[in-house]
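Here's the structure we're looking at; comments come further down.
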Amino acid sequence: MMRKRKGYPVYPLTAAQKFHFFYQDFCPKKEVLNVGTSLTIESELDFEVLKESIIKAYERCDCMRVRFAKDKDGTWYQYVVNTEEGRPEVETMDFSQVSMEEAEKTMTAWTSVPFKAEDSSMSRIVMIKMSDGFQGVYLLVDHRIMDAQSLICFLRDVIELYCSTVFEEVSYPKDMASYIEQLEKDLAYEAGSKAKERDAQYFQKLIDEMPEPIYNGIDGPGKLMAERERSGNPEARAAVNVSDSVDSALDIFHLEEEPTKRLMDFCENYHVSLVCLLLMGLRTYYQKMNGNEDVSINTAIARRATLKEKKSGGTRIHSFPFRTIISEDKTFLEGIYAIRDLQNEYFRHANYDPVEYFAYRGKKYPHPGGQTYEPMALTYQPLTLREKGLDKLGDIKYKTKWYPNGATTQAMYLTVMHRPDDNGLDFSFEHQVKAVSREQLEYLYYYLCKIMFKGAENPNLKIGDIMRLV
């Protein structure tokens, strides 16, 4: 007999959701899981039609109607309410008489208000008018019900529903996929499937067969040296890289369209993804700064290979340490291919629970809480709204913007995504203000770009030569 709450079947959390609950518990600022974004279009929108499109999009997207509750023993679970109960309160805000800065300040403030966790909606949506003539929506969601990919997918659905009503030539968008069906698949995997066993073996072997990893600092081995001194252990290989404050800032660096295209062309010519090039650039930077050929960086995997996974909403990101040992006498291209091969292995086993990964590694290399080998995390967001459906609207310009929630439990998290207006790249560094400064990030970004371009232009150059030349 299935348990119910308020008449709805209840489900345990997935590994990806537990991961979010896990670090939210440690974070004094509960807004750490808020994801705020706006999408605006350079056109007069019919707000009545837009409101109907938003309500329709909520009906079509189960994860927007997820609610959380917890048992007497403190265990969280989830259920999905029906479309009537899950109908959003669509707000309206007219920013057309205030400056863009003022409007952004307000939306940033909205992004730092945490949701009431139990039995309540985990999203907020506001129709907005901006002073630059753009109009659209601001959307705030909790990371436990959506990741960036499902968020983009949802916003695109809103626009396509709107356009199919307003323009005769735009057809009604195809249905979204079922969140619950995907959830049941994930839970079946978690319940001790053969696939889970295989994935556990893969990652445990990866940890067992390699020597202990080593921490590489953003500006050299200073933190590791300090840890060796503090602990009296000259062999220590882990360090604390977070500060005592979770207050965060978001610093964004823009790479123009033309240089971005050069990087994309390189990836196409050598059949690698941009994330391989980014990882190669980052690890080479750390290798240059620390003198280690052994570099670990946390990397996020979206787990959306099938169409159903792409369109089922929810949060599906699993994040694992990505460790490569690449010597200076290898060529840039050999390094890229080593990363690609390892990434492909990771993709095959990415359903494994990252919390279990860290627990296993922590048993093998126990050290005090807060110590790590990874100085940062990387996510690349390939999805843009430029894809099919919206091209029919001709040259209508639109903008997307992400708003910081003001808190992070990681020292530094880099998200790389394409800008909607010119397809150039934005490098968004969310970082603890007390752990990493903007100057350090500028330095990292400058050298990361130099390394990627030098390598893309001379793929057969040895890594050691690239490090000396940039």
| request: Taking only Lys NZ, Arg NE, NH1 and NH2, and the carboxylate oxygens of Asp or Glu, determine whether D465 and R468 approach each other closer than 4.0 Å. | output: yes
| request: Please name all residues satisfying side chain to side chain donor-acceptor pair (under 3.5 Å) with T111, sequence neighbours left out, ordered by chain then number. | output: Y138
| field | Axial cation check for F68 ring with R144, 6.0 Å and 45° limits | value | yes
| field | Electrostatic pair D175:R60 at N-O distance under 4.0 angstrom | value | yes
| Parallel, tilted or perpendicular for Y270 and F266, by the 30°/60° rule? | tilted
| message | side-chain hydrogen bond (donor to acceptor under 3.5 Å, both in side chains), that's the test. Do Y413 and T408 meet it? Break it down for me. | response | CA-CA 9 Å; Y413 192 123; T408 179; over 6 Å; no
| query | Does the pair Q432 and S243 meet the rule for a side-chain hydrogen bond (donor to acceptor under 3.5 Å, both in side chains), with working shown? | reply | CA-CA 7 Å; Q432 288 183 348; S243 68; 3.1 Å; yes
| task | Would you please classify the geometry between the F203 ring and the F320 ring as parallel, tilted or perpendicular, with 30° and 60° separating the classes? | result | parallel
| Any idea how H20 and H143 line up, ring-wise: parallel (<30°), tilted (30 to 60°), or perpendicular (>60°)? | parallel
| query | Any Lys/Arg nitrogen of D147 or R304 sitting under 4.0 Å from an Asp/Glu carboxylate oxygen of the other? | reply | yes
| field | Carboxylate-amine/guanidinium proximity below 4.0 Å for E257 and K261 | value | no
| field | Q78 side-chain N/O to P12 backbone N/O, donor-acceptor pair under 3.5 Å | value | yes
| Strictly by modelled atom types, are Y202 and E345 linked by a side-chain donor-acceptor pair under 3.5 Å? | yes
| query | Could K18 and E190 be called an ion pair, given the rule that one side-chain N must be under 4.0 Å from one carboxylate O? | reply | no
| request: Take Y446 and F253, measure what ring pair (Phe, Tyr, Trp, His ring centres under 6.0 Å) needs, and give me the verdict at the end. | output: CA-CA 10 Å; Y446 173 77; F253 301 97; over 10 Å; no
| field | Electrostatic pair R340:E334 at N-O distance under 4.0 angstrom | value | no
| query | With distance as the sole test, does N290 use its side chain to make a donor-acceptor pair with the main-chain N or O of N292 at under 3.5 Å? | reply | no
| said: By the definition side-chain hydrogen bond (donor to acceptor under 3.5 Å, both in side chains), identify the one residue from R323, R237, E212 that meets it with Y373. | reply: E212
